[in-house]
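It should be emphasised that the depicted structure is a prediction, and the values quoted were computed from it without experimental measurement.
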Amino acid sequence: MSEANQGLTGIPTPEGVLGYRAGEARKLPDWHEMVAFFDQLAAASDRVQVERLGESTLGLPYIAVTITSPENLARRDELRGQLASLYDTRDLNAEDERQIVDDGKVTAFLLCTQHSNEIGAAVMTLELASDLASKDDPETLEILDNVVTVIIPTHNPDGHQMIVEWYRQWLDTPYEGQQMPWLYHRYVGHDNNRDWFMLTQAETKLYAELHNREHPQLVFDMHQMYRDGARFMVPPFIDPLDPNQDPVIQQGFADLGTWISSRLTAEGKAGVASNIIFDNYSPSLAYGNYHGSVDLLSEAASCNLATPVTIEEDKFSPERGFDPTKRTWNHPMPWKGGEWTLRDIVEYDKIAALAFLEHAARNRRQWLRNYAGIMRRTVEREYRGSEATDKEKVPYAYIIPAQQDDPVTTWEMLDILRLGAVEIEEAAAEITADGVRYPAGTRVIRVGQPSGNYVKTLLEVQAYPDLRRWPDGPPSPPYDIAGHTLPAQMGVRCIEVARPFEGELRPANVVRPEGSVSGEGRHGWMVSPRLNQAIRLMNTLLADGVAVYRAATSDAARGIEAGAIVIPAGAVTRERLESLARDTGVDIGGVDTPLSMQAIPQALPRIGVYQSWKASIDEGWTRWLFEEYALPYESLHDTDVQQGSLRDRFDVIVLPQHSPDDILKGNPEKNKYKEPYPPEYVGGLGQLGVDGLREFVEAGGTLVALDSAAVFAIRHLYLPVRNVVEGLKEEEFYCPGSLLRVIITPSHPTMWG
């Protein structure tokens with residue numbers, strides 16, 4: 001410790017800066033106050049650095065706060081280099097590895113409040129950071145000397161700001177502490193921690209870049225859950241775990257979780273449970289577990305944001321087989337009920353975070369040694385192909401052929417992998433793999449690389465295990481999804497290669513295809529319907545007022561597919577087409593001989609997207625998708641639908657995923673805890689809204705119902721169809737979160753391309 005920090009006077013505290021203790025009832029700092037506090041802390045302490053990694057979706061700063069000894073901060077680049085060597089052990093000899101294990105420092109991430117209404121962890125980081133910056137006790141110094149702690153105070157700054165503003169709006173009213181009626185992430189809401197395998201959102205990309213740079217050995221992902229169960233949950237997780245996670249990572253869940261549980265219980269914190277509710281099967285849930293770090297989850301019980309709640313023991317809710325009133329091996333000291341506050345959450349979270357950091361500090365060499373071992377096993381794995389069982393199979397590589405139906409979407413998939421630190425190579429000359437010849441330029445992704453576990457889990461076809469609640473009993477449902485294969489979801493041809501092969505491979509330059517304009521276009525222009533980005537190109541032209549058509553029939557002799565996008569000659573300048581081709585990556589071909597075919601004129605549909613006050617994640621993803629493809633829309637609330645005359649304003653109305661009752665009834669006047677909801681956000685479409693939708697369809701409008709919203713349409717619009725699985729028990733029909741093969745009719749206009 002430097003002499004400058006002896007005494008450690010002048011270090012800001014949350015109470016000194018905000019005027020109240022972190023976690024005080026009915027007090028929440030907004031994001032601007034949070035960032036300002038960390039800036040003040042960094043200015044006052046040579047243990048703290050604040051880095052602005054970029055901007056959130058709505059333009060707020062996304063920050064990382066690093067806390068460690070001044071000596072470690074001065075060696076930051078050197079320490080990063082050491083961990084990079086452990087991450088990629090292919091050029092690391094045994095002596096250098098021992099030296100790093102002896103002298104290196106552990107990097108530990110605290111990833112807080114991905115879900116913005118789970119605000120306790122974000123608030124806790126203010127107090128934790130202040131303590132680490134100011135305290136001189138042996139435990140604090142041990143952490144500072146041995147660990148580089150990187151705190152992400154919130155993964156969703158926009159949602160944090162929205163939640164605080166909403167909470168303050170209703171403070172001192174009967175509606176204080178109620179949940180917001182809209183998503184706390186503009187597009188993906190609660191699904192911002194389901195984006196770790198697609199990396200679509202700004203915040204996800206910023207975090208992945210940070211993780212790829214810092215190479216942490218352990219990550220603590222801090223959440224909250226329902227209020228009337230356990231007070232705190234940490235792993236070990238329940239089955240299943242993804243077999244693509246290294247066994248030491250899976251053991252690390254138990255190692256860390258047991259340590260944290262013990263510390264909380266020893267501090268008198270009741271209601272700490274492990275091995276309940278949450279599995280760890282899907283890579284959508286965590287990034288680090290596929291990049292060498294132990295990515296731990298915790299779930300604290302919630303209150304009403306910052307408003308205390310009282311929970312009687314006889315009102316506790318069992319969840320997925322866990323009874324919070326029972327004392328068991330994995331829940332040794334049940335909580336007996338009473339008042340539960342934001343300060344309680346802060347205290348549980350802080351004890352857990354310190355236990356996490358202490359484990360890293362006291363077992364520094366173990367964490368570094370285990371990390372190197374995980375990475376060495378990853379890059380030096382033994383390949384077992386078709387002769388192995390499915391559970392043992394480890395392919396050598398995945399090949400992405402150059403010939404794809406949609407080169408731009410193929411690039412998008414490769415770019416996801418690139419963002420995930422995956423090495424992508426290409427054949428410098430023809431190669432032969434598993435007896436098949438592939439030309440130069442073929443993309444090859446070998447599994448034997450540092451991100452190989454990420455590669456395998458994203459590119460292989462999953463076979464979710466058949467787990468039963470008891471022998472021959474009903475299935476145990478997954479906590480999340482059961483399938484996540486990127487090629488299947490994105491329509492990319494991907495070939496698994498079982499055995500090693502010879503051939504010169506070089507790093508591939510993964511760049512978006514450059515769309516081009518070819519031909520003279522004397523009789524117009526044509527675009528293949530097979531490219532997703534062709535839809536964005538068409539929508540952009542339509543928004544510019546350009547006439548656009550779709551070919552109604554195919555002409556194989558002339559290479560015209562049904563659904564091809566046709567632009568008349570003279571409708572737009574070549575310069576504009578060249579600009580759009582560059583922007584979308586789509587090739588535009590000139591039609592230089594007269595066309596004689598049926599063509600359907602296109603127009604931008606007037607789209608309304610139903611937005612219930614009972615916020616739907618699917619509604620947010622739908623809006624994101626529309627914006628990605630330049631498809632204008634208008635959000636519709638209950639009163640908009642109830643007013644009727646919808647056909648005058650819209651051609652299409654989309655009902656995103658909602659249960660039928662949520663659409664019809666919306667938010668109740670009071671929730672299950674008898675707490676009232678602001679009246680302007682109560683209720684759903686009701687019969688008046690149903691009548692409005694029926695009138696819209698009868699007048700020629702198109703209603704698109706997604707997922708369970710289709711059941712609403714069947715029931716309340718009296719469609720001449722039935723849900724063939726309605727009423728079936730899980731023993732009879734069970735298909736949660738799975739990817740299904742669907743047989744379609746390509747000649748139908750909705751399937752063109």
Open item on the list: With side chain to side chain donor-acceptor pair (under 3.5 Å) as the test, pick out the partner of Asp583 among Gln533, Arg512, Arg536.
Closed with: Arg536
Mind listing the closest non-hydrogen atom pair of [X] and [Y] along with its distance?
| X | Y | answer |
| --- | --- | --- |
| Arg443 | Val510 | NH1-CG2, 4.1 Å |
| Ala699 | Arg647 | O-NE, 3.5 Å |
| Val497 | Phe501 | CG1-CD2, 4.0 Å |
| Ser528 | Glu561 | OG-OE2, 3.8 Å |
| Gly448 | Arg90 | O-NH1, 4.1 Å |

Salt-bridge criterion met for [X] and [Y] (N-O under 4.0 Å):
| X | Y | answer |
| --- | --- | --- |
| Asp158 | Arg186 | no |
| Arg446 | Glu425 | yes |
| Lys614 | Asp662 | yes |
| Arg715 | Glu726 | yes |
| Glu578 | Arg574 | yes |
| Glu619 | Arg623 | yes |
| Glu412 | Arg418 | no |

Check whether any side-chain N or O of [X] sits under 3.5 Å from a backbone N or O of [Y] as a donor-acceptor pair, and report yes or no.
| X | Y | value |
| --- | --- | --- |
| Arg606 | Asp648 | yes |
| Asn156 | Tyr184 | yes |
| Thr410 | Asp406 | yes |
| Glu460 | Thr485 | no |
| His637 | Thr639 | no |
| Thr622 | Asp618 | yes |
| Gln598 | Thr553 | no |

TODO: Mind jotting down which residue pairs meet the ring pair (Phe, Tyr, Trp, His ring centres under 6.0 Å) criterion with at least one end in residues 588-607? Sequence neighbours excluded, please.
DONE: none
TODO: Start with the C-alpha gap between Thr200 and Asp195, add the side-chain angles, then the distance that decides, and say whether side-chain hydrogen bond (donor to acceptor under 3.5 Å, both in side chains) holds.
DONE: CA-CA 7 Å; Thr200 66; Asp195 192 39; 2.9 Å; yes
TODO: Starting from the C-alpha separation in whole Å, work towards a yes-or-no answer on side-chain hydrogen bond (donor to acceptor under 3.5 Å, both in side chains) for Gln462 and Tyr281.
DONE: CA-CA 10 Å; Gln462 287 76 46; Tyr281 181 77; 5.7 Å; no
- [ ] Begin from the C-alpha positions of His658 and Ser708 and carry the test side-chain hydrogen bond (donor to acceptor under 3.5 Å, both in side chains) through to its verdict.
- [x] CA-CA 6 Å; His658 269 298; Ser708 296; over 6 Å; no
TODO: Taking the side chain as every heavy atom from C-beta outward, state whether Gln201 and Thr204 have any atom pair closer than 4.5 Å.
DONE: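 They are in side-chain contact.
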TODO: Among Leu414, Leu459, Ile445, find the one that has a side-chain contact (heavy atoms from CB on, under 4.5 Å) with Val422.
DONE: Ile445
Open item on the list: side-chain contact (heavy atoms from CB on, under 4.5 Å), that's the test. Do Ile567 and Leu577 meet it? Break it down for me.
Closed with: CA-CA 10 Å; Ile567 307 158; Leu577 290 176; 4.0 Å; yes
Task: Exercise: do Gln245 and Tyr290 side chains pair donor with acceptor under 3.5 Å - done: yes
TODO: Report the C-alpha distance between Tyr62 and His155 in whole Å, list the side-chain angles of each, state the deciding distance to 0.1 Å, and finish with yes or no for ring-ring contact (aromatic ring centres under 6.0 Å, His included).
DONE: CA-CA 8 Å; Tyr62 186 99; His155 182 59; 5.7 Å; yes
